[in-house]
Amino acid sequence: MGIRFPSAEWTAAFRDAINANPEYAKHGAGWTHGKVAYVVAPRPELGIEGDTAMVLDLHEGRCREAVLTDAETAGDSDFVIFAEYERWREVLSGEVDPTKAMMQNKLKLQKGHLPTIVKYVLASKELVRSACTIDTDYPG
Amino acid sequence: MAAVELAPGANDNGLAVMMATLLSQNLEDHPERGAIFERLTGRVAIIAEDADVALTMRFGERRAVVYDGIVGIPDLTVRGSAEAIADLSRMETGRFGLPDPDGEVNRAMARALREGSLRVYGLPAGLPLLVRLGALLSLD
């Protein structure tokens with residue numbers, strides 16, 4: 001039985017997976033640009049009530065903290081990326097590349113400096129690869 | 001102040017939103033590039049084949065309009081994978097503002113050109129347009 005996504009337990013596992021990924025440590029080493037929030041749109045029929053967000057406190061190739069919160073709190077993050085639940089499932093399971101998902105408007109940068117995100121595109125891919133290592137139970 | 005705008009209907013095209021945002025944020029971050037932008041004229045089409053998305057950027061009269069899909073007859077067309085397209089803005093700039101042949105991203109792009117996973121149509125006539133666009137999108 002995997003860890004349900006999204007949940008506080010999954011968010012903690014995501015932090016641990018990021019910190020266990022040497023490629024993220026390499027490509028994210030220069031990241032000093034603040035917190036990144038992944039916001040999941042509500043899907044009450046799957047038990048996702050209201051906007052749910054995972055806020056990652058990323059710094060110099062490590063994830064110092066990862067918390068599950070609501071979209072309003074996540075709005076204080078430096079970068080906010082929003083997507084429907086199904087789109088996150090596709091990206092975080094490795095089915096769809098995150099760059100491609102942004103080009104297809106499946107992931108939307110709601111807040112933050114896009115050139116910085118593009119500059120760290122390899123680090124973003126490693127975040128996704130980290131997520132893929134988690135034994136995840138995606139509802140639905 | 002440089003004017004970069006999305007044409008009606010381009011808001012749902014993630015690649016168009018990305019390119020328009022990159023252009024305008026880069027011009028804000030690097031005001032010295034305004035001179036290049038103001039002299040730029042022509043149409044550039046970009047097609048991210050694996051993402052099944054395309055855009056056209058029309059430059060002229062000190063502004064840029066980004067359209068969904070191919071609009072008009074492009075002076076320059078760039079076709080490639082989403083990854084190769086994203087790399088366009090990560091190209092390393094060397095002397096005289098030209099691409100640095102030793103740059104890691106540049107070498108990957110040269111390889112993509114050789115292997116055909118990235119194709120540029122409209123050269124050599126469109127070379128100045130390509131070089132100037134590269135300078136505007138560069139994250140260096």
Side-chain angles (χ1 to χ4, degrees), chain A residues 23-34 36 38-39 41 61 77-84 86-129 132, chain B residues 4 6 9-31 33 46-55 66 68-69 78-93 103-105 108-109 112 117-118 134-140:
Chain A
E23 288 300 307
Y24 178 73
K26 177 182 162 189
H27 295 296
W31 181 270
T32 55
H33 306 284
V36 178
Y38 291 177
V39 179
S77 303
D78 302 276
F79 296 84
V80 177
I81 302 169
F82 174 89
E84 303 288 333
E86 284 78 7
R87 305 289 86 81
W88 280 121
R89 186 174 65 184
E90 286 172 357
V91 169
L92 295 175
S93 64
E95 205 178 305
V96 174
D97 175 84
T99 306
K100 195 192 292 187
M102 281 196 84
M103 290 182 178
Q104 293 173 326
N105 215 25
K106 290 178 176 175
L107 295 188
K108 296 171 188 174
L109 181 67
Q110 287 189 326
K111 180 185 175 189
H113 189 246
L114 182 65
T116 302
I117 289 282
V118 175
K119 194 170 183 175
Y120 283 90
V121 68
L122 296 180
S124 300
K125 286 176 194 284
E126 290 306 327
L127 288 176
V128 167
R129 286 204 181 100
C132 293
Chain B
V4 180
L6 280 169
N11 273 309
D12 293 332
N13 179 324
L15 178 61
V17 172
M18 279 178 76
M19 285 296 172
T21 308
L22 262 181
L23 264 179
S24 51
Q25 289 191 336
N26 261 354
L27 286 164
E28 270 180 45
D29 295 346
H30 305 280
R33 295 183 191 174
I46 298 178
I47 300 144
E49 293 173 323
D50 53 346
D52 198 23
V53 64
L55 63 76
V66 184
D68 176 33
V78 181
R79 297 185 73 106
S81 64
E83 190 172 357
I85 299 299
D87 279 349
L88 286 173
S89 57
R90 296 176 59 238
M91 289 174 69
E92 299 94 344
T93 308
E104 190 181 338
V105 176
M109 291 198 69
S117 57
L118 180 67
L136 288 177
L137 292 175
S138 172
L139 302 175
D140 272 0

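Since the structure is predicted, the reported quantities are computational estimates derived from the model, not experimental observations. Lettering of chains follows the sequences in order, A, B, ..., and the numbering in each one begins at 1.
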K.L.:
With K119(A), which residues qualify under salt bridge (charged side-chain N to carboxylate O under 4.0 Å, His left out), at least two apart?
P.N.:
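Residues passing salt bridge (charged side-chain N to carboxylate O under 4.0 Å, His left out) with K119(A): none at all.
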K.L.:
Would you name the heavy atoms of M103(A) and A82(B) that are closest together and state the gap between them?
P.N.:
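Taking every non-hydrogen atom into account, CE-O, 3.3 Å.
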K.L.:
Rounded at 0.5 Å granularity, tell me how far CE in M18(B) sits from OG1 in T99(A).
P.N.:
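So the gap between those two atoms works out to 6.5 Å.
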K.L.:
Grab the two heavy atoms, one from Q25(B) and one from G112(A), that are nearest each other, plus how far apart they are.
P.N.:
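Closest approach of Q25(B) to G112(A), heavy atoms only: NE2-O, 4.0 Å.
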K.L.:
For D29(B), is it the side chain, the backbone, both or neither that has a heavy atom under 4.5 Å from a heavy atom of chain A?
P.N.:
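D29(B) touches chain A through side-chain heavy atoms alone.
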K.L.:
For chain B, which residues of residues 23-34 of chain A have at least one non-hydrogen atom nearer than 4.5 Å to it?
P.N.:
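Residues qualifying by a heavy atom under 4.5 Å from chain B are absent, so none.
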K.L.:
Between D50(B) and Q104(A), what is the shortest heavy-atom contact and its length?
P.N.:
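Shortest heavy-atom contact: O-NE2, 4.3 Å.
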K.L.:
Indicate the atoms forming the closest heavy-atom contact of T21(B) with L114(A), along with that distance.
P.N.:
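Minimum heavy-atom separation between T21(B) and L114(A): CB-CD2, 3.7 Å.
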K.L.:
Do you know which two heavy atoms are closest between V118(A) and A86(B), and how far apart they sit?
P.N.:
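Looks like CG1-O, 4.2 Å.
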K.L.:
Could you tell me which of L22(B), N13(B), D52(B) has the largest number of non-hydrogen atom pairs under 4.5 Å with chain A?
P.N.:
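It is L22(B).
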K.L.:
Determine whether more than 12 heavy atoms belonging to other residues, nucleotides or ligands lie under 6.0 Å from atom CG of N11(B).
P.N.:
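Yes - once you tally the heavy atoms of other residues, nucleotides and ligands closer than 6.0 Å, there are more than 12.
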K.L.:
Tell me, please, which residues at least two apart from R90(B) pass salt bridge (charged side-chain N to carboxylate O under 4.0 Å, His left out).
P.N.:
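Only D87(B) meet the salt bridge (charged side-chain N to carboxylate O under 4.0 Å, His left out) criterion with R90(B).
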K.L.:
D68(B): what forms a salt bridge (charged side-chain N to carboxylate O under 4.0 Å, His left out) with it, not counting sequence neighbours?
P.N.:
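Result, salt bridge (charged side-chain N to carboxylate O under 4.0 Å, His left out) vs D68(B): none returned.
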K.L.:
In terms of heavy-atom contacts, does NZ of K108(A) have more than 12 from other residues, nucleotides or ligands at under 6.0 Å?
P.N.:
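12 or below, so no.
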K.L.:
Nearest 0.5 Å, what's the NE2-CG distance between H113(A) and N26(B)?
P.N.:
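If I round to the nearest 0.5 Å, the distance is 7.0 Å.
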